Visitor: 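First the structure, which I've put down as structure tokens, then a few questions once you've had a look.
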Amino acid sequence: MTPAERDLRYYAALGLAAEASHLALGYFNRRDSLGITMKGAQDWLTVADGKVEEFLRRRLSALFPQDSVIGEEGGGTASDALWILDPIDGTANFAHGDRNWCISIGFLADRRPEIGIVAAPALGEVYAARRGAGATLNGEPIRVSGASDVARAAFELGWSTRVPAERYLEVIARGYAAGAAVKRAGSGTLGLCHTACGWSEGYAELHINAWDVAAGIVIASEAGAYVNDFFAGEGIARGNPILCCTPELAPALRKITGIA
Ligand code: IPD
């Protein structure tokens with residue numbers, strides 16, 4: 001893929017994120033329209049998840065018919081030019097009326113993360129990055145905090161029922177024992193973005209899916225974060241552990257989380 005072809009996709013994704021934000025906000029602001037169902041324990045689904053993904057898929061296939069798409073709700077298979085979408089990340093927050101949710105649009109060329117656009121419209125935030133071109137929040141450059149002292153660090157630990165609770169509890173115990181503050185805000189994508197702009201020092205989760213992190217990985221890496229090799233092995237199709245943090249804290253957080 002040429003730089004011009006990649007840039008075309010970057011600007012297209014920015015525009016689509018703005019339109020998708022409008023669509024998602026319409027549902028968020030009309031709570032009687034959410035049509036909440038559960039895919040499993042603590043696994044929320046709203047009408048907006050399906051509608052936003054459907055919109056993004058329709059527009060991407062019209063704009064870039066050769067590219068393929070993997071989305072949280074509709075699945076899909078990988079190819080050399082691959083969009084990875086989470087229509088609403090932080091669906092539990094969205095369903096509860098908590099504004100910490102976002103739309104995540106990632107793009108990989110030859111399995112390498114190239115573009116990340118994350119829009120959190122209820123918070124008025126748009127994070128954007130292209131590999132090699134830095135990361136921004138609402139157009140302003142962002143950077144990780146650079147913190148190196150674990151006893152001053154706050155890191156977010158994502159959670160789902162895909163991993164036994166005991167394993168999360170062990171990480172939390174090791175984190176507090178090392179002097180770190182451990183938090184959870186309910187959107188893995190925004191957890192990576194918050195690390196990217198220095199609002200926390202890291203984000204970790206023992207298993208997460210590619211649509212939750214594809215865009216955030218580009219944003220965090222471009223903001224100077226250490227990110228593990230998430231797409232190794234079956235990462236695209238089956239997910240992997242994620243560890244993203246300031247480079248200085250990587251050795252300590254690898255030990256705390258057990259994520260290599
Ligand atoms: C979830 C969120 C959550 C993370 C889970 C994800 P969803 O995604 O990102 O923070 O801990 O692993 O499944 O269901 O809200 O799109």
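First listed ligand is number 1; within each ligand, the first listed atom is number 1. Values in this document were obtained by computation on a predicted structure and should not be read as measured data.
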Visitor: Show me, pair by pair, the donor-acceptor contacts under 3.5 angstrom made by side chains of residues 246-260, not counting sequence neighbours?
Guide:
unit_1: Thr246; atom_1: OG1; unit_2: Ala147; atom_2: O; d: 2.8
unit_1: Thr246; atom_1: OG1; unit_2: Leu249; atom_2: N; d: 3.3
unit_1: Arg254; atom_1: NE; unit_2: Tyr226; atom_2: OH; d: 3.4
unit_1: Thr257; atom_1: OG1; unit_2: Leu253; atom_2: O; d: 2.7
unit_1: Thr257; atom_1: OG1; unit_2: Ile259; atom_2: N; d: 3.1

Visitor: Would you check if there is a donor-acceptor pair between the side chains of Asp89 and Ser187 at a distance under 3.5 Å?
Guide: yes

Visitor: Could you list each nitrogen or oxygen of ligand 1 that sits under 3.5 Å from a protein nitrogen or oxygen, with the atom names and the distance?
Guide:
unit_1: ligand 1; atom_1: 8 (O); unit_2: Asp89; atom_2: OD1; d: 3.1
unit_1: ligand 1; atom_1: 8 (O); unit_2: Asp212; atom_2: OD1; d: 3.2
unit_1: ligand 1; atom_1: 9 (O); unit_2: Asp89; atom_2: OD1; d: 2.8
unit_1: ligand 1; atom_1: 9 (O); unit_2: Asp89; atom_2: OD2; d: 3.2
unit_1: ligand 1; atom_1: 9 (O); unit_2: Gly188; atom_2: N; d: 2.9
unit_1: ligand 1; atom_1: 10 (O); unit_2: Gly186; atom_2: O; d: 3.2
unit_1: ligand 1; atom_1: 10 (O); unit_2: Ser187; atom_2: N; d: 3.4
unit_1: ligand 1; atom_1: 10 (O); unit_2: Gly188; atom_2: N; d: 3.1
unit_1: ligand 1; atom_1: 11 (O); unit_2: Trp159; atom_2: N; d: 3.2
unit_1: ligand 1; atom_1: 11 (O); unit_2: Trp159; atom_2: O; d: 3.1
unit_1: ligand 1; atom_1: 11 (O); unit_2: Glu205; atom_2: OE1; d: 2.7
unit_1: ligand 1; atom_1: 11 (O); unit_2: Glu205; atom_2: OE2; d: 3.0
unit_1: ligand 1; atom_1: 12 (O); unit_2: Arg162; atom_2: NH2; d: 2.7
unit_1: ligand 1; atom_1: 12 (O); unit_2: Glu205; atom_2: OE2; d: 2.5
unit_1: ligand 1; atom_1: 13 (O); unit_2: Arg162; atom_2: NH1; d: 3.4
unit_1: ligand 1; atom_1: 15 (O); unit_2: Gly90; atom_2: N; d: 2.7
unit_1: ligand 1; atom_1: 15 (O); unit_2: Thr91; atom_2: N; d: 2.8
unit_1: ligand 1; atom_1: 16 (O); unit_2: Glu72; atom_2: OE1; d: 3.0
unit_1: ligand 1; atom_1: 16 (O); unit_2: Asp86; atom_2: OD2; d: 3.1
unit_1: ligand 1; atom_1: 16 (O); unit_2: Ile88; atom_2: O; d: 3.3
unit_1: ligand 1; atom_1: 16 (O); unit_2: Asp89; atom_2: OD1; d: 3.3

Visitor: Which residues pass the side chain to side chain donor-acceptor pair (under 3.5 Å) test with Asp43, sequence neighbours left out?
Guide: none

Visitor: Apply the hydrophobic cluster definition, ILVMFWY joined by side-chain contacts under 4.5 Å directly or through others, and give me every member besides Ile242.
Guide: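 Answer for Ile242: Ile70, Leu82, Ile84, Leu108, Leu192, Tyr203, Ile208, Trp211, Val213, Ile217, Val227, Phe230, Phe231, Ile236.
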
Visitor: For Glu166 and Tyr168, test the side chains for any donor-to-acceptor distance below 3.5 angstrom and give the result as yes or no.
Guide: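 No pair is found: no donor N or O on one side chain lies under 3.5 Å from an acceptor on the other.
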
Visitor: Ignoring hydrogens and geometry beyond distance, is a side-chain donor-acceptor pair present between Thr91 and Asp49 at under 3.5 Å?
Guide: yes

